Amino acid sequence: MIPAMLQAWIDTHCHLDAPEFDADRPAVLARARAAGVALQVLPAVMAAHFDSVRALAHAHGLAYALGIHPLYVDRSADADLDLLADALARHRDDPHLVAVGEIGLDFFVPGLDLARAERFYQAQLKLARDAGLPVILHVRRSADGLLKGLRRVPVAGGIVHAFNASRAQADLFVGMGFRLGFGGAMTYDRALQIRRLASSLPDASLVLETDAPDIPPHWLYRTAAQRDAGQPTGRNEPAELPRIAATLAGLRGWSLDETAATTSANAQAALPRLAGLVSPACAG
Ligand SMILES: [Zn+2]
């Protein structure tokens, strides 16, 4: 039971199935609940993880998404797209299955087979469209490529997670019914563009995420040099969400209550099946 004094937060992007949590997952979940994180969305990154992500969501009253992440396309077989189609069909009535994801394009990491990534992205957009599900998108230097795909295969909106593109690109995603995910990167003083977006985008376009165990907020680093070298002193986890939310509240001049209410409503608008999970998760 969440005490009435605490806001109820939704972490719209958390890789709780990652090996970083193998040693203490129940404690991570308990800390998240104690911090008022009522619900987490667990996106899969490859077909081999579909069953474990689903089992984790069911065991703890959380939400999940099924998809093949752009950084995992090169180690996935073409047949994994069929496995995704099968899983989406098999679980179509599962209230915990809220989206297709994490899918997208990454034009930052060198050495990826980009033609193959485009093919997987398009194929997964079609599966989402056919299933009537929103999508959770990964963007890194790839906003225009993602938008091009969405014009070809329109889907029921969703979330562009860890949003890091331009204001013009943000407006195009919002115009297509997407919400934009903000998390740990927003807490870095030097992330000027992300902080500008978090301050100025329309209220209805913002959702919160940790992307745990990745993108640790600034307070999990000891020094700026460590941050530049990508060496966090602590692992990111969903219990960090309220403190990340306080950064958003500060940037927008919102109270914490306002921040929780607005971002939770936006998350439910982006991923409509979340609405069916919010109450059981709060009561559990
Ligand atoms: Zn992710």
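Nothing here was measured: the structure is a model prediction, and the numbers come from that model. Numbers here are sequence positions counted from 1.
The closest donor-acceptor contact from the side chain of T187 to the backbone of H218 lies under 3.5 Å. Of the possible polar contacts, one joining the S166 side chain to the Q169 backbone as a donor-acceptor pair under 3.5 Å is found.
Atom CG in L83 sits 11.0 Å away from atom CE in M46 (nearest 0.5 Å).
Scanning both residues, P70 and H138, for their nearest heavy atoms gives CG-CD2, 3.6 Å. The two residues V45 and H49 make their nearest non-hydrogen contact at CG2-ND1, 3.7 Å.
Judged by the 6.0 Å distance and 45° axis criteria, R190 is not positioned over the aromatic ring of Y188.
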### Task
Let me see the working for D113 and R119 under salt bridge (charged side-chain N to carboxylate O under 4.0 Å, His left out), right down to the final yes or no.
CA-CA 10 Å; D113 181 343; R119 186 159 60 80; over 6 Å; no
### Query
Can you list the steps and then say if D11 with T210 is a side-chain hydrogen bond (donor to acceptor under 3.5 Å, both in side chains)?
CA-CA 6 Å; D11 184 350; T210 59; 2.6 Å; yes
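Using a 4.5 Å heavy-atom threshold, the side chains of R140 and N164 count as touching. You'll find the side chain of P26 stays beyond 4.5 Å of the side chain of L29, heavy atoms only. Here the side chains of H161 and T12 are not in contact, with every heavy-atom distance at 4.5 Å or above.
Two rings, from H58 and H60, have their centers 6.0 Å or more apart.
Residues E102 and H13 have side chains that bring a donor and an acceptor to within less than 3.5 angstrom of each other.
Residues satisfying the side chain to side chain contact (heavy atoms under 4.5 Å, CB included) criterion with L112, sequence neighbours excluded, are L71, D74, D106, V109, L114.
With respect to the salt-bridge test (charged N to carboxylate O, under 4.0 angstrom), the residues R75 and D80 do not qualify.
Few gaps surround CZ on F21; more than 12 heavy atoms of other groups in view lie less than 6.0 Å from it.
Listed by first then second residue, pairs satisfying salt bridge (charged side-chain N to carboxylate O under 4.0 Å, His left out) with a partner in residues 263-273 number zero, not counting sequence neighbours.
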Residues 146-155, side-chain donor-acceptor partners within the protein, below 3.5 Å, at least two apart:
none

